[in-house]
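Remember, it's a predicted structure, so these values are computed and weren't measured experimentally.
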Amino acid sequence: MSNLFAINIIPGMTNPQESSCRTLKPLQVIALPTSQHKTQCRQDKEVAAMRSVKGTVEARHSIFILLIVSILFRSAIASTTHSINDMDGLFNKVSSDTTLAANTGDALMTNGDKVVAAVGTYKCSDGTCAGGAVMLNINPTYGDVECAEDDASCIIDAEEARKAVQVLGTEGEALSFRALTIKDAKSQYGSGLTASSGTVVVLKLCAFINCQATHATYGGAAILAMGTVDVYGTSFSGSIAASENGNDIMLVGGAMTVHNTCPSPYSSTSPVQGSALDTYGTVGGIPYSFFRCAECPFGYSGIFPDCTADEMHYVICGRAGLDDDGVKWCESPYQGALDTTTHEVRCCSDTEIIGWKIWTEKGCLVWSESDPSGICEDALTFQQAVDFCLSEGGRLCTKEEVENDCTIETGCSHDRDLIWTSTPYVPCIATSNPSDNGDDGNF
């Protein structure tokens, strides 16, 4: 058997480096000619290599699946909502910098939790604050800190004595502040908010008012951003940096974007753009103050989307169409007016009153007058208009009566004015339903 080799085949072996071609035969011996042996050995190695690649792919696939499962598991863990109503509660839930005992609350939120503050003012003179002249020192924490109402009526008042919020770490996740007013903060820099390197901070519907930065070089009286900061529907006013390096914002090595959009659930609302921000560094987006994301539209009170219609009535142009020169009698034929605003008045009567006019040729069934007692009323509220007409023996005209020219040419030059009517006006409010036909006052 001088030209024969013995191949030792070990069941289950897949690594090509472990395959052997030798004369030992502890398990099974197959006699092959030398050339066949070499071909067989090469093929065995190729198959083993393919199995190795397949194993690597399968291993990576398994790791990917485990990663997805881990993320889903993490997101499935229910976060806890904590309600607080005073400075002690705010400090104990939010101030989490463990590097200094004085900065650490005794009932801290867990990462991913939400802290909801009751409407009111929060200041150190009323409760516990962090050491080092900072109200809230946060590290490392992520989650949500927000006001119970979206009108920024939770006021973080630093009393012109300290920095309001310092964020030192968020573990790569976002720490969101919503509907907080941060006012009268005073420190060397970033007095309203300092976001340190590596942090991720989101501001929604907040307000920064009268913050001061006293450092000769650094600024950012309202915000000093060294991490990543995104801003939505947030206003800035009255802040001053002694260095003049960003009265509102100073950007140092971080990334900050001021968005001209409103956060959820007001995404369909366009915020009102205020004044340009005074910044140092390249701030992305639209660096302006933005506000009124959460305000209800004209004619409604409350916080969007929980809006209640105000009392309003139609005011209608005293005469329809165009004058002899082809000019509209009024710039607008009608509009809705809050009952507390003032407009001109004409009165109607269902029965004849001496001196009042009736336009039977226009199909009108009412008598009308602008100055029953010889006095033109040019600026009455709705209720005053109602009372005025009643005192003259009439009533307010309806929208249809005025639109049909039943009150024209009755004096006081009101043909060119928007006059009160008794017809209620319900303003439309935007919905997210594209098929809404507006019958309910929504569109």
Side-chain angles (χ1 to χ4, degrees), residues 272 292 295-301 307-430 437-443:
V272 175
R292 293 187 180 172
E295 290 188 12
C296 292
F298 175 74
Y300 284 84
S301 299
C307 301
T308 302
D310 294 324
E311 292 295 324
M312 300 180 70
H313 286 80
Y314 277 96
V315 287
I316 306 295
C317 183
R319 189 163 187 160
L322 307 177
D323 63 17
D324 292 339
D325 296 323
V327 178
K328 293 179 180 179
W329 287 95
C330 300
E331 184 176 342
S332 172
Y334 73 91
Q335 66 183 41
L338 292 169
D339 287 3
T340 53
T341 59
T342 59
H343 286 278
E344 290 75 10
V345 182
R346 279 176 168 170
C347 301
C348 287
S349 174
D350 298 311
T351 58
E352 183 179 3
I353 298 178
I354 297 176
W356 290 32
K357 182 175 291 188
I358 184 169
W359 289 93
T360 54
E361 63 269 39
K362 294 180 180 291
C364 300
L365 301 176
V366 296
W367 288 260
S368 61
E369 185 55 80
S370 295
D371 55 346
S373 301
I375 298 175
C376 297
E377 294 294 352
D378 300 324
L380 297 185
T381 65
F382 174 77
Q383 189 57 53
Q384 288 172 340
V386 170
D387 294 341
F388 170 73
C389 288
L390 285 174
S391 69
E392 298 293 339
R395 58 170 173 79
L396 275 186
C397 308
T398 66
K399 171 176 176 286
E400 291 74 16
E401 289 165 349
V402 179
E403 286 179 331
N404 291 333
D405 282 348
C406 293
T407 67
I408 64 171
E409 299 180 8
T410 55
C412 298
S413 299
H414 287 344
D415 282 2
R416 294 194 179 278
D417 295 322
L418 293 173
I419 63 175
W420 280 116
T421 75
S422 61
T423 305
Y425 177 86
V426 180
C428 292
I429 184 169
N437 62 12
D439 287 345
D440 58 354
N442 300 326
F443 66 88

- Residue pair I419 / G318: nearest heavy atoms and the distance that separates them: CD1-CA, 4.5 Å
- Is there a side-chain contact between V366 and D350, using heavy atoms and a 4.5 Å cut-off? yes
- Message: S373: which residues meet the side chain to side chain donor-acceptor pair (under 3.5 Å) condition with it, sequence neighbours left out?
- Response: E392
- C348 vs W356 side-chain heavy atoms within contact, under 4.5 Å: no
- Item | Within 6.0 Å of CG in L390, more than 12 heavy atoms from elsewhere | yes
- How far apart are the C-alpha atoms of C347 and C397, what are their side-chain angles, what is the distance that settles it, and do they pass the disulfide bond (SG atoms under 2.5 Å apart) test? CA-CA 6 Å; C347 301; C397 308; over 6 Å; no
- Message: Can you confirm whether the side chains of D339 and H313 place a donor and an acceptor under 3.5 Å from each other?
- Response: yes
- Can you list the residues that meet the side chain to side chain donor-acceptor pair (under 3.5 Å) rule with D310, with sequence neighbours excluded? S301
- Task: Specify the closest pair of heavy atoms between G393 and I353, including all atoms of both residues, with the distance to one decimal.
- Result: O-CD1, 3.8 Å
- Check side chain to side chain donor-acceptor pair (under 3.5 Å) between S370 and all other residues, then give those that pass, not counting sequence neighbours. R346, T410
- If you measure from CD on E344 to CH2 on W420, what distance do you get to the nearest 0.5 Å? 10.5 Å
Can I get a per-line list of side-chain donor-acceptor pairs under 3.5 Å for residues 378-388, giving both atom names and the distance, sequence neighbours left out?
| from | atom 1 | to | atom 2 | distance (Å) |
| --- | --- | --- | --- | --- |
| T381 | OG1 | Q384 | N | 3.3 |
| T381 | OG1 | Q384 | OE1 | 3.4 |
| Q383 | NE2 | D387 | OD1 | 3.1 |
| Q384 | OE1 | T381 | N | 2.9 |

- So, do L338 and Y425 sit near enough that their side-chain heavy atoms are less than 4.5 Å apart? no
- Note on the structure: Correct closest heavy-atom pair for S349 and G394 would be CB-CA, 4.5 Å
- Query: Measuring from H343:NE2 to Y314:OH, what's the distance to the nearest 0.5 Å?
  - Reply: 14.0 Å
Review item, side-chain donor-acceptor pairs of residues 398-407, under 3.5 Å, at least two apart:
| from | atom 1 | to | atom 2 | distance (Å) |
| --- | --- | --- | --- | --- |
| T398 | OG1 | E401 | N | 3.1 |
| T398 | OG1 | E401 | OE1 | 3.4 |
| K399 | NZ | E403 | OE1 | 3.3 |
| K399 | NZ | E403 | OE2 | 3.1 |
| E401 | OE1 | R395 | NH1 | 3.2 |
| E401 | OE1 | T398 | N | 2.9 |
| E401 | OE2 | R395 | NH2 | 3.0 |
| N404 | ND2 | E400 | O | 3.0 |
| D405 | OD1 | A320 | N | 3.0 |

- Task: Would you mind listing every salt bridge (charged side-chain N to carboxylate O under 4.0 Å, His left out) that reaches into residues 316-331, with sequence neighbours excluded?
- Result: R319-E409, R319-D415, D323-R416
- Message: Quick check for you: to the nearest 0.5 Å, what is the distance between W329 atom CH2 and I408 atom CD1?
- Response: 8.0 Å
